[in-house]
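By convention in this document, chain letters (A, B, ...) are assigned in the order of the sequence lines, proteins followed by strands, and residues within each chain are numbered from 1. These values consider heavy atoms only, across backbone and side chains, with no hydrogens, waters or symmetry-generated copies.
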Protein chains: 2
Amino acid sequence: MGSKSTAKRADALRSIDAIVQAAAECLGRNPEASLSEIARAAGVGRVTLYAHFASRAEVVDAAMSRAIDRGNEALDAVDLTGDPLVALARYIEVGWHLVDQARALLAAAQRELPAGRIRELHSGPAARVEGIIARGRAEQVFRTDLPIAWLVNVLHSVMHSAADEIRAGRLTSGRAADHITATVLAAFTPPGKPVPEPGAGE
Amino acid sequence: MGSKSTAKRADALRSIDAIVQAAAECLGRNPEASLSEIARAAGVGRVTLYAHFASRAEVVDAAMSRAIDRGNEALDAVDLTGDPLVALARYIEVGWHLVDQARALLAAAQRELPAGRIRELHSGPAARVEGIIARGRAEQVFRTDLPIAWLVNVLHSVMHSAADEIRAGRLTSGRAADHITATVLAAFTPPGKPVPEPGAGE
């Protein structure tokens, strides 16, 4: 392979990376950001953008994948072993900030991508929660009368609901993780068992 | 007032009513239904539609208001007095079907209307839930360590999350109300108190 094609390929990779980064930033501020705006922010022309991405949906998909990859890296640094109550509280503490930061980008994804694709992109974070829940069920601190997939969805719904409450000015970002943790630990408690007291997840 | 203007006004009311009904039906099938499609379904011309509605947002707002009015009528028929656990389970049983039926229309509203307006339109159903929760708090069966507004939002988030699970083919419509009730009654239980056994809300 000649050095010319190597250089061209390196150029293309740089352009793609710049476009995906610009898309994550622009869509993260405004879910309706246009492709021209994204190309401008990336410092490339529209022709270059269209050379690498066939549609707006492809750009949104790449930006969302990037955000999720970053999220997975952040979650890699969290100790999710040990007491499932503590592990879940730690997951919420970090995961909540990721959801909060990515909410405009997620709004763009919900307009452009099928629900199944959004679910697929979230399979990394979802697998971590599933692991914590399965351990909590084995230790009889989490309920087994509802499917794991349902419990994962409840956690993510409550996280997104906190983002809505903040947007409505009815919740501060600083209190969100506590509200989510108190709600979800109760929702996951087996029928007949007492709901954990606050601080059980600390 | 002459009989001519009375007749004209009656015509206008009939057109508006036909447009709002057609909008609720068309948007309820497809949140991206066009105004031309809605005019056609209402049996009026586009000019007539634009004579009564200044924008797509106004049409969506009127359709959503209509769906909520119908929902409020359905909820009027439900006995929400007595044991707060039973009252909440009854609210979920009826409210869940309303959410499920209106999910495409709500998707249209989320694209066209500000979040504050959607919240305002839901103030009737929200007030009923607030009433049940306040009674449950007074009777010490629901938690008081989280704000009422947060608990209302949790209930509605879990309902919408059930709609997502059904769309993903992971939950049947018939089991949704049970899942929602079991989850929300646990989420609302005061820390230190046992989560109600299944059937507590029957």
Winner by heavy-atom pair count (cut-off under 4.5 Å) against chain B, out of T189(A), L146(A), V184(A): L146(A)
Pairwise side-chain contact, V158(B) with W150(A), heavy-atom cut-off 4.5 Å (strictly under): yes
Short N-O contact, E165(A) and R119(B), less than 4.0 angstrom: yes
Note: R56(B)-D61(B) ion pair, threshold 4.0 Å (strictly below): no
Residue among R143(B), Q110(B), R111(B), H160(B) with most heavy-atom pairs under 4.5 Å to chain A: R143(B)
Per-residue contact mode, A107(B) against chain A (heavy atom under 4.5 angstrom): neither
Segment of I180(A) engaging chain B (4.5 angstrom heavy-atom cut-off): both
Contacting region of P31(A) [heavy-atom separation from chain B under 4.5 Å]: neither
R14(A) with D11(A): basic N within carboxylate O range, under 4.0 Å: yes
Parallel, tilted or perpendicular: ring planes of H156(A) versus H122(A), cut at 30 and 60 degrees: tilted
Heavy-atom pair count under 4.5 Å with chain B, highest-scoring of A149(A), A115(A), A187(A): A187(A)
E93(A) atom CD: more than 12 heavy-atom contacts under 6.0 Å: no
R175(A), part contacting chain B, at a heavy-atom distance under 4.5 Å: neither
